[in-house]
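Here, residue 1 is the first one in the sequence, and each next residue gets the next number.
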Amino acid sequence: QVQLVESGGGLVQAGGSLRLSCAASGRTFSNYDMGWFRQAPGNEREFVATINWSGGRTYYPESVKGRFTISRDNAKNTVYLQMNSLKPEDTAVYYCAAEEYSGSYYVPYSPGEYTYWGQGTQVTVSS
């Protein structure tokens, strides 16, 4: 089992920044690919960012590319999401997720590919 706890959400004005953290425990953190997802009311959970086990590969959808940065510190068992130039449409509950590294080059990016989830942290961007 992997336990994930997100923190760092809050209320911010449009154009502002937030940094989310996700602390992992229970298994060897560096054995897991990590992802950030978000879900707004009435919407499906959507991909925000993913990072492979070593931190050497990251992926983003076009909606956040250039504004959000995912990173990880395997010594601290923590993955981060730096969010800059926030927009009202970024408002959602943000979740981190973990999936055991498959041994392949592929890094999962859809919610159904992740086994372990945190409880989420609310991000609200006011206009």
Could you state the interatomic distance from [atom1] ([X]) to [atom2] ([Y]), rounded to the nearest 0.5 Å?
X     : Y     : atom1 : atom2 : result
Asn43 : Glu89 : CG    : CD    : 12.0 Å
Thr69 : Gln82 : OG1   : CD    : 7.0 Å
Asn74 : Ser54 : CG    : OG    : 8.0 Å

Any side-chain heavy-atom pair from [X] and [Y] closer than 4.5 angstrom?
X     : Y     : answer
Val79 : Ile51 : yes
Ser63 : Arg38 : yes
Phe37 : Glu46 : no

Could you list the donor-acceptor pairs under 3.5 angstrom formed by side chains in residues 108-116, with sequence neighbours left out?
{"residue": "Ser110", "atom": "OG", "partner": "Glu113", "partner atom": "OE1", "Å": "2.8"}
{"residue": "Glu113", "atom": "OE1", "partner": "Tyr106", "partner atom": "OH", "Å": "3.1"}
{"residue": "Glu113", "atom": "OE1", "partner": "Tyr109", "partner atom": "N", "Å": "3.0"}
{"residue": "Glu113", "atom": "OE1", "partner": "Ser110", "partner atom": "N", "Å": "3.0"}
{"residue": "Glu113", "atom": "OE2", "partner": "Tyr106", "partner atom": "OH", "Å": "2.7"}
{"residue": "Tyr114", "atom": "OH", "partner": "Thr50", "partner atom": "OG1", "Å": "2.8"}
{"residue": "Tyr114", "atom": "OH", "partner": "Pro108", "partner atom": "O", "Å": "2.7"}
{"residue": "Thr115", "atom": "OG1", "partner": "Glu99", "partner atom": "OE1", "Å": "2.6"}

Looking at every non-hydrogen atom in both residues, tell me the closest pair between [X] and [Y] and how far apart they are.
X      : Y      : result
Leu11  : Ser126 : CD1-CB, 4.3 Å
Val5   : Gln119 : CA-OE1, 3.8 Å
Val123 : Met83  : CG2-CE, 3.9 Å
Leu81  : Val48  : CD2-CG1, 4.0 Å

- For Ser7, what residues pass the side-chain hydrogen bond (donor to acceptor under 3.5 Å, both in side chains) criterion, not counting sequence neighbours?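 In terms of side-chain hydrogen bond (donor to acceptor under 3.5 Å, both in side chains), with neighbours along the sequence ignored, Ser7 is linked to no residue.
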- Task: Apply side-chain contact (heavy atoms from CB on, under 4.5 Å) to Tyr60 and Ile70, showing your working.
- Result: CA-CA 9 Å; Tyr60 308 89; Ile70 188 171; 3.4 Å; yes
- Message: If hydrophobic clusters are built from ILVMFWY residues whose side chains come within less than 4.5 Å, do Val107 and Tyr95 share one?
- Response: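 Result: yes, single cluster for both.
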- Hey, does the Lys NZ or Arg CZ of Arg57 hover above the aromatic six-ring of Tyr105, less than 6.0 Å from the centre and inside 45° of the axis?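 Yes - Arg57 lies over the ring of Tyr105, closer than 6.0 Å to its centre and within 45° of its axis.
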Without placing hydrogens or testing angles, list every side-chain donor-acceptor pair under 3.5 Å for residues 14-36, not counting sequence neighbours.
{"residue": "Ser17", "atom": "OG", "partner": "Asn84", "partner atom": "OD1", "Å": "2.9"}
{"residue": "Asp33", "atom": "OD1", "partner": "Trp53", "partner atom": "N", "Å": "2.9"}
{"residue": "Trp36", "atom": "NE1", "partner": "Tyr80", "partner atom": "O", "Å": "3.4"}

- Angle class for the Phe68/Tyr94 ring planes (parallel below 30°, perpendicular above 60°, tilted otherwise)?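 If you compare the ring of Phe68 with that of Tyr94, the planes turn out tilted.
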- Message: Does Lys76, at its NZ atom, have more than 12 non-hydrogen atoms belonging to other residues, nucleotides or ligands within less than 6.0 Å?
- Response: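 12 or below, so no.
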